[in-house]
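Below you'll find the structure, written out as structure tokens, and then a few comments.
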Amino acid sequence: MATSTAETRFRITATLTCVLVATLTLGACSAQTPGGDTAPTSASDSDACKRNQDAGTITYISGYGYSASAGQLDVFLAEELGYFDDLCLDVEINASGANGQQLVASGQAQFTALGSASDVMLAAANSKNLTAVATYGTTPPFSIFGNEKLDTLKDLEGGSLGYFINLTPIASAMLDEAGVDVSKVEMVKMTNYDPTVVVRDQVDAIVGYASNQPQSLKAQGLPFSEFLPSDLGVEGTYNVMEVNSRFLDEHREVAADFMRASLKALQYCLDESDACIDKLAKLAEDSGQGAAFPREQLARTWEVESAWVRESAGGNPGVQNESMWEPEYALVKKYGDVKNLPAIADMMDADLVADLYDGDTLIWQEK
């Protein structure tokens, strides 16, 4: 993914829609959404509105700027469309994409988005204050893409493989399944996200994101090879929302309403992709990140990632369960070099998002 060239931190203070009048009987707030729906009874009555206000500012750290990814674009759109306002939530968004897990674990922020469950697992061994509340898909977002001369991953032997931050357990499993002797592959830590380096033979291949760098090469009409986890029978997850565990314990209903608003915006982006991407691109441009997140790139990314959301084995967007994480859990144990990996149940809350749905419908309208 392209690195943001500017770090932007901004505060967006929600407009509170509930008015408490001491001399009158407390009634329900009739917050209207852009689509004309009424906010849910559970968060639109004045007591619930005051509860959400009293929780104070909820800080969300974008895992990667203004990327068109589930768990990220939906938070931006929930603010832009007024869904947080409808639920009387004061949300602050940090779009710098830096140190999200550390900030959430320390209590300086409440929510952040990660690329996969393995990211959660790799951090969980060192932090007891993070809980995953949503998993958005069961398609690993990674791919290994490289020079067109590569027919199989085994052809990397004697060549070079670039990676960002670390060689993910998914990538290690792919190499293993392909029978690659990694001792014969030069591992190169990448310092920029330009995918054309594989076309120009600067490295033979890169572990990247299937929705981003390869899509950029396709858009430019450049020849390259690509290997997906599914090609090698490797399973995993796509994007996870984490919350500060202490905040979740103390403000569970508030956390639920944050996710309710975000998931409503996610559905909007699934239904109205063009309008969603238009709004996200404008937010990026207005915040000085337009060059890093141009509209055409956002559209390419969301076209791929929205399919991952729709195809998730979890069913309703964001709903997670232990079985979704089990394949990746095994990979982290094998390739992650992590001691004392917690049980899956200790790293996630499987009920918070599941309880927001009635059948396959997000609970939002009054009943």
Side-chain angles (χ1 to χ4, degrees), residues 12 14 31 33 37 39-44 48-49 51-53 55-63 69-94 100-101 104 109-114 117 120 129-137 237-271 276 305-306 309 312 314-321 324-325 347-365:
I12 308 170
T33 73
D37 295 336
T41 303
S42 62
S44 64
C49 183
R51 174 202 71 210
N52 288 357
Q53 293 176 30
T57 300
I58 297 171
T59 300
Y60 165 83
I61 310 295
S62 172
S69 297
Q72 294 184 174
L73 88 167
D74 41 307
V75 178
F76 287 106
L77 266 291
E79 180 61 40
E80 182 71 8
L81 295 171
Y83 296 160
F84 289 135
D85 291 1
D86 292 343
L87 303 188
C88 306
L89 295 169
D90 177 11
V91 175
E92 178 181 276
I93 300 176
N94 179 339
Q101 281 186 306
V104 172
Q110 286 68 50
F111 288 87
T112 194
L114 306 170
V120 175
N129 203 28
L130 295 166
T131 301
V133 291
T135 300
Y136 296 92
T237 58
Y238 158 69
N239 282 20
V240 174
M241 182 74 83
E242 276 195 307
V243 64
N244 176 276
S245 300
R246 188 172 299 112
F247 178 84
L248 180 62
D249 289 341
E250 296 175 358
H251 303 286
R252 185 175 181 82
E253 291 174 308
V254 179
D257 277 344
F258 176 91
M259 290 306 305
R260 189 193 310 275
S262 297
L263 291 167
K264 183 172 176 62
L266 180 61
Q267 191 60 55
Y268 170 85
C269 288
L270 291 171
D271 295 339
C276 172
E305 297 196 18
S306 60
V309 176
S312 174
N316 292 327
V319 172
Q320 62 184 8
N321 55 61
M324 293 169 64
W325 282 29
M347 293 184 280
M348 72 157 58
D349 184 318
D351 297 325
L352 187 81
V353 167
D355 290 345
L356 299 179
Y357 288 93
D358 180 6
D360 60 0
T361 302
L362 181 72
I363 300 170
W364 187 266
Q365 292 181 304

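Partners of Tyr357 by ring-ring contact (aromatic ring centres under 6.0 Å, His included), not counting sequence neighbours: none found. Listed by chain and residue number, Leu352, Leu356 satisfy the side-chain contact (heavy atoms from CB on, under 4.5 Å) test with Ala256 (two or more places apart in sequence, or in another chain). For Tyr60, the ring-ring contact (aromatic ring centres under 6.0 Å, His included) test picks out no residue, with sequence neighbours left out. Judged as a side-chain hydrogen bond (donor to acceptor under 3.5 Å, both in side chains), and not counting sequence neighbours, Asp360 has no contacts. Considering only residues two or more places apart in sequence or on other chains, Thr131 meets the side-chain hydrogen bond (donor to acceptor under 3.5 Å, both in side chains) condition with Ser245. With sequence neighbours excluded, the residues satisfying side-chain hydrogen bond (donor to acceptor under 3.5 Å, both in side chains) with Thr135 are Gln320, Trp325. Scanning for ring-ring contact (aromatic ring centres under 6.0 Å, His included) contacts around Tyr238 gives Trp308, with sequence neighbours left out.
What you find for Thr57 and Gln110 is that their closest heavy atoms are O-OE1, 3.5 Å. Closest heavy-atom contact between Asn239 and Ser69: ND2-CB, 3.5 Å. Shortest non-hydrogen contact noted between Leu248 and Ala255 is CD1-CB, 3.9 Å.
The pair Arg51-Asp257 meets the salt-bridge criterion, since a charged nitrogen lies less than 4.0 angstrom from a carboxylate oxygen.
The closest side-chain heavy-atom distance from Phe111 to Met259 is below 4.5 Å. Taking the side chain as every heavy atom from C-beta outward, Trp364 and Asp86 approach each other to under 4.5 Å. Val75 is not listed as a side-chain neighbour of Ser62, based on a closest heavy-atom distance of 4.5 Å or more.
Every pair tested for salt bridge (charged side-chain N to carboxylate O under 4.0 Å, His left out) that includes a residue from residues 240-250 fails, sequence neighbours excluded, so the list is empty.
Going from atom CE of Met347 over to atom CG of Leu130 covers 11.0 Å, rounded to the nearest 0.5 Å.
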